[in-house]
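Worksheet: one structure, shown below.
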Amino acid sequence: MASIIQGITNTFVAKSLAGDIDFDTDTFKMALYSDDATLDSSTSAYTTTNEVVGTGYVAGGNTLTGATVTQDDDADVVYITFDSPTTWTGTFSARGALIYNSSSSNYSVCVLDFGAVKTIAAQTLTVTLPENTTTTALIRFE
């Protein structure tokens, strides 16, 4: 059964600890996926399997900008943020997304679950990332 489970991926944790990811120079993308996709912490890389197909969506998704790593010693948290929002205008349906590092073998970073299928018809889908704080940033190491 297909399922999308939100969270950072094991590959991202391993690549981060190995020093294989450079948030200053690498390119990160967000790809959209249908309700038939299976994405979770074991998703290792970007895949076209069950990626959204439709007018206004290009395989591989959109490039994310503004990757920033923040270390907050008072809160004992390191968090990673991207500029938000990311938008697509067209006609398609999406249940979730995968953020991945397109500069480094398309390694996965994290999975997003939209909670339900989002269907747009000649409209704009906007994915707004959480506020960039020690308690709400999308990717946090505590």
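Keep in mind the model is a prediction, meaning the values are calculated, not measured.
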Indicate yes or no for a side-chain donor-acceptor contact from Thr11 to the backbone of Thr9 under 3.5 Å, with no hydrogens or angles considered. no

In terms of ring plane angle, is the pair Phe82 and Phe23 parallel, tilted or perpendicular, where the classes change at 30° and 60°? tilted

Thr89 and Thr124: side chain donor to acceptor below 3.5 Å: yes

How many angstroms lie between atom NZ of Lys29 and atom OG1 of Thr63, to the nearest 0.5 angstrom? 4.5 Å

Between CD1 of Ile80 and SG of Cys110, what distance do you get to the nearest 0.5 Å? 9.0 Å

Check whether any side-chain heavy atom of Thr43 sits under 4.5 Å from a side-chain heavy atom of Tyr33, and report yes or no. no

Between Val109 and Val111, is there shared hydrophobic-cluster membership here, with clusters defined by ILVMFWY side-chain heavy atoms closer than 4.5 Å? no

Once the angle between the rings of Tyr100 and Tyr46 is folded into 0 to 90°, is it parallel (under 30°), tilted (30 to 60°) or perpendicular (over 60°)? parallel

For a 4.5 angstrom cut-off between non-hydrogen side-chain atoms, does Trp88 reach Val58? no

Ile5 backbone acceptor or donor facing Asp40 side chain under 3.5 Å: no

Would you confirm whether Thr136, through its side chain, and Pro130, through its main-chain N or O, come within 3.5 Å as a donor-acceptor pair? no

Given 3.5 Å as the limit, does a donor-acceptor pair link the side chain of Ser84 with the main chain of Leu129, or not? yes

Considering all heavy atoms of both residues, which atom of Arg140 and which atom of Thr134 are nearest to each other, and what is their separation? CD-O, 3.0 Å

OG1/Thr86 to CE/Met30 distance, rounded to the nearest 0.5 angstrom? 4.5 Å

Would you say Ile139 and Ile99 make side-chain contact, with heavy atoms under 4.5 Å? no

Is a donor on one side and an acceptor on the other found under 3.5 Å between the side chain of Tyr79 and the backbone of Asp72? no

Looking only at heavy atoms, what is the nearest atom pair of Ser93 and Val117, with distance? CB-CG1, 3.8 Å

With a 4.5 Å cut-off on side-chain heavy atoms, are Glu142 and Asp76 touching? no

So, does Gln123 use its side chain to make a donor-acceptor pair with the main chain of Ala121 at under 3.5 Å? yes

Consider only side-chain heavy atoms of I, L, V, M, F, W and Y, link residues closer than 4.5 Å, and tell whether Phe12 and Leu98 are in one cluster. no

Which value, rounded to the nearest 0.5 Å, describes the distance between Leu138 atom CG and Gln6 atom CD? 6.5 Å

Could you tell me whether the side chain of Asn50 and the main chain of Thr38 form a donor-acceptor pair under 3.5 Å? no

Under 3.5 Å, side chain of Thr91 to main-chain N/O of Ala122, donor-acceptor pair present? yes

Group every Ile, Leu, Val, Met, Phe, Trp and Tyr by side-chain heavy-atom contacts under 4.5 Å, then state whether Ile8 and Phe114 land in the same group. yes

Rounding to 0.5 Å, atoms CG (Leu125) and OG1 (Thr87) come to a distance of 8.5 Å

Kindly say whether Leu32 contributes a backbone atom to a donor-acceptor pair with the side chain of Tyr57 at under 3.5 angstrom? yes

Any donor-acceptor N/O pair, Ser108 side chain to Ser44 backbone, under 3.5 Å: yes

Could you state the interatomic distance from CG (Asp26) to CG (Leu64), rounded to the nearest 0.5 Å? 12.5 Å

